[in-house]
Each structure stands twice: as structure tokens, then as C-alpha cells.
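A quick write-up on the structure given underneath.
Below, each value reflects all heavy atoms present in this structure, side chains not excepted, and no hydrogens, waters or symmetry copies. Convention: sequence-line order gives letters A, B, ...; per-chain numbering from 1. Keep in mind the model is a prediction, meaning the values are calculated, not measured.
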Amino acid sequence: MPELPEVETVVRDLRPLLLGRSFVKIAVSRKSLRRKWSRAWEATLLDRCVHAIRRRGKWIVIELGIPCLVAHLGMTGQLTVASADQPREAHTHVVFTLDDQTELRFRDVRRFGSVTVFPTMVHADRYFLQISLGPEPFDLTDGRWFGSLNATRRNLKAILLDQTIVAGVGNIYADESLFEARLHPTTLGNAVTRKQAKSLRLAMVAVLTRAIEKRGSSIRDYIGGSGLKGEMQNEFRVYGRTGEPCRRCRTTIVRIVLAGRSTHYCPRCQVLGTIVEPQRLRRARASRSPKATG
DNA sequence: ACAGGATCCTGGGGGC
DNA sequence: TGCCCCCAGGATCCTG
């Protein structure tokens with residue numbers, strides 16, 4: 001499932017393969033993607049030089065001088081560069097032939113992804129503004145982050161998945177970040193202390209940074225821009241580990257459904273971030289301590 | 001405001 | 001072996 005680290009890996013892979021190249025031909029399959037492809041876009045893209053490739057949240061932005069190509073990988077999207085003589089795999093929906101006999105290919109089995117063209121970068125940025133795309137996790141300040149959490153009674157899992165609050169986090173890294181911060185996924189945003197908010201922000205940054213280093217997670221469909229798989233799936237602490245022992249305390253990892261998504265956590269390591277009065281805290285500690293008999 | 005569910009979509013896996 | 005059903009989950013829409 002392409003989230004921020006996977007999209008970042010694709011962008012980094014594509015950069016050397018696309019920069020300075022131009023599109024000489026575009027072929028689009030009949031099957032529709034999430035957003036309908038317009039034939040009128042093709043003329044605006046042809047014979048233009050790729051100036052820059054960047055990521056915004058889970059979006060890939062390819063700047064071609066004035067117009068820009070904006071792609072979202074959805075669940076199973078792949079954006080790769082391959083030699084033109086390499087056979088095209090099934091579910092390849094858009095093929096951009098480059099001026100060096102290679103092809104930029106958009107493949108998406110489940111077609112939740114999209115490829116769109118904006119006339120200028122201003123239009124693309126306006127679109128991100130229109131969908132209220134939140135800040136990058138690496139740009140979040142503690143003040144803004146705590147403010148966002150504090151302003152809602154939604155649970156932390158739902159907050160992390162909300163692209164208007166923080167852009168780029170999906171189901172995998174939401175669960176992994178919550179484990180790293182030792183916060184229970186059902187914790188309500190406004191029950192989180194400043195300290196907990198900060199630890200969640202730092203956990204998110206650490207998990208995403210590590211995942212980028214490992215070229216993302218390849219569970220089923222995800223591959224980078226050069227076709228290489230990621231390695232982060234080998235380091236999951238909770239995601240997809242239902243019934244397995246926690247790597248920290250050996251307690252069985254639990255799966256629940258939150259915000260309509262599978263949510264994995266360690267019931268022992270991850271605590272509810274509620275503000276607990278000192279008296280209740282002492283009682284809770286006493287009940288946890290080992291008993292003299294039994 | 002927010003939770004929960006349905007929708008889109010296909011392939012893989014489990015059960016029988 | 002084949003068939004049915006469920007599951008995966010990003011974005012978006014709808015309902016309660």
C-alpha cells in the first residue's frame with residue numbers, strides 16, 4: 001500500500017530516469033482510472049522537458065515546464081520506467097514514451113489510483129489547497145500538531161489517517177507510529193498531553209524516515225520507480241502481526257477495526273493517553289504490581 | 001462534528 | 001478442481 005515512504009521511493013527512483021527527458025507519445029487504455037483521462041491533456045504534455053519531480057503527501061508531481069502531471073498510486077498503483085521493448089504487464093493503463101526509447105508506465109490493478117494533468121503548477125497547488133491537504137509530517141511543529149490533536153474527539157488512528165491533518169500517513173505507518181509512541185490507537189485526540197503529542201510526532205518522523213531508508217514496504221503490489229521492492233515489511237512491530245508476540249514484551253498483538261481499517265497494537269505497550277488523576281494512577285499501579293500469592 | 005458504512009476495484013486465500 | 005465469500009484499504013460520498 002503506497003504511503004509516504006513508498007511514494008518518496010518512487011519519486012527518488014524516477015528522478016534520474018526522467019529529469020531532462022520529454023514525452024514523445026502517450027497511450028491510454030480504455031479502462032478508466034479514478035479520474036478520467038482527457039485526450040486534450042496529451043497535446044499539452046508532448047515535447048516538454050521534465051524539470052522536476054517531487055512528492056506532496058501521497059501525490060507524485062512531475063513538472064514539465066509549465067504543465068504538470070500529478071499521480072496518485074491509490075492502493076496498487078505502480079509508476080515505473082522500463083525499456084520500450086520490455087513487455088507491458090497486465091493492468092498497465094497509461095504509457096508515456098520518452099525521447100530515449102524508455103517508457104514511463106502507470107500500472108494499477110485495482111484502479112484506485114489516478115493520473116491527472118494540471119495546466120500549471122499553480123493549478124496543482126490550488127488543487128492541494130482545495131482538498132485541504134495537510135502539512136508534511138517532517139514539517140509539523142509541536143504547536144500545530146498538539147493543536148490539531150487537541151481540537152478533536154476523534155481517535156488517534158483516525159487522526160493519523162486524515163490527510164487534511166497530516167499528509168502521507170496510511171494504515172501501516174499509522175499503526176507503526178502509534179506503537180513507537182506507545183499510544184493506544186483508540187486514544188482520543190483531546191486526551192493527549194503535549195508530551196504524548198510530541199512523542200507521537202517524533203515516532204511518526206522516525207518510522208517514516210526508517211521506512212524511506214528501507215525503500216518502503218512491499219507487501220503485495222508495491223515496487224519502486226525502478227521496479228525494486230522495499231524492505232520495511234521485515235521490520236513491522238505491529239502491522240499484520242495479529243496473534244504474534246510483541247517484539248518488546250511478548251504480549252500477543254491484537255487486531256481491531258478503527259476508522260473502518262484494520263488496526264494492530266500491543267495491548268500492554270500501548271496505553272490510553274487519557275489524563276488520569278494521581279489517585280487513580282496509584283490504584284492502577286498497585287493492581288498491576290505482582291501479588292504475594294498466586 | 002463525527003462515526004460508521006458503502007463504494008470503487010481485483011486478486012489472493014480460506015473453507016467446503 | 002471449482003465455487004463462494006471475505007479481505008486488503010486510499011479517497012470520497014452518504015447517512016445517522
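- The side chain of A/R255 sits closest to C/dA8 out of B/dC2, C/dA11, C/dA8.
- The closest side-chain heavy-atom distance from A/L200 to A/V192 is not below 4.5 Å.
- Using a 4.0 Å heavy-atom criterion, one finds that A/R111 contacts the sugar-phosphate atoms exclusively.
- Rounded to an integer number of Å, the gap from A/Y239 OH to C/dA8 P is 8 Å.
- Centroid-to-centroid, the aromatic rings of A/H264 and A/Y239 come within less than 6.0 Å.
- If you check every strand for non-hydrogen atoms under 4.0 Å, A/N155 touches sugar and phosphate atoms only.
- Distances were taken from every side-chain heavy atom of A/H91 (C-beta onward) to each of C/dA11, C/dA8, B/dT10; the shortest belongs to B/dT10.
- Rounded to whole angstrom, the span from the CD1 atom of A/I60 across to the P atom of C/dA11 amounts to 12 Å.
- Atom CG in A/L160 sits roughly 17 Å away from atom C1' in C/dA11 (whole-Å rounding).
- Phosphate proximity of B/dC9 to A/T76: absent, as no side-chain N or O sits under 4.0 Å from OP1 or OP2.
- When rounded to the nearest whole Å, the span between CZ of A/F128 and P of C/dA11 equals 11 Å.
- Remark: P of B/dG5 and CG of A/L258 are 12 Å apart, rounded to the nearest angstrom.
- Atom CG in A/L149 sits roughly 16 Å away from atom C1' in B/dC2 (whole-Å rounding).
- Computed from coordinates, the A/R261 CZ to C/dG10 C1' distance equals 7 Å when rounded to whole Å.
- Taking for each of A/G260 and A/A151 the nucleotide of DNA chain B with the nearest heavy atom, the 5'-most of the two is the partner of A/A151.
- When each of A/R210, A/E180, A/E6 is paired with A/Y173, the side-chain hydrogen bond (donor to acceptor under 3.5 Å, both in side chains) condition holds for A/E6 and for no other.
- OP1 or OP2 of C/dG10 has not a single side-chain nitrogen or oxygen of A/Q163 nearer than 4.0 Å.
- For A/V109, taking side-chain heavy atoms from C-beta onward, the closest of the listed nucleotides B/dT10, B/dC2, C/dA11 is B/dT10.
- Across all strands shown, A/S114 has no heavy atoms under 4.0 Å from either base or sugar-phosphate atoms.
- Nucleotide B/dT7 holds its C1' atom 14 Å from the CE atom of A/M75, rounded to whole Å.
- Residue A/H72 has no polar side-chain atom (N or O) positioned under 4.0 Å from OP1 or OP2 of C/dG10.
- One N or O donor and one acceptor, one from the side chain of A/R110 and one from the base of C/dA8, sit under 3.5 Å apart.
- Proximity of the aromatic rings of A/Y265 and A/F179 is defined here by a centroid distance below 6.0 angstrom, and this criterion is not met.
- Side-chain rings of A/F106 and A/W37 stay apart, their centers remaining 6.0 Å or farther from each other.
- Among the nucleotides B/dA3, C/dG10, B/dG11, the one closest to the side chain of A/R154 is B/dA3.
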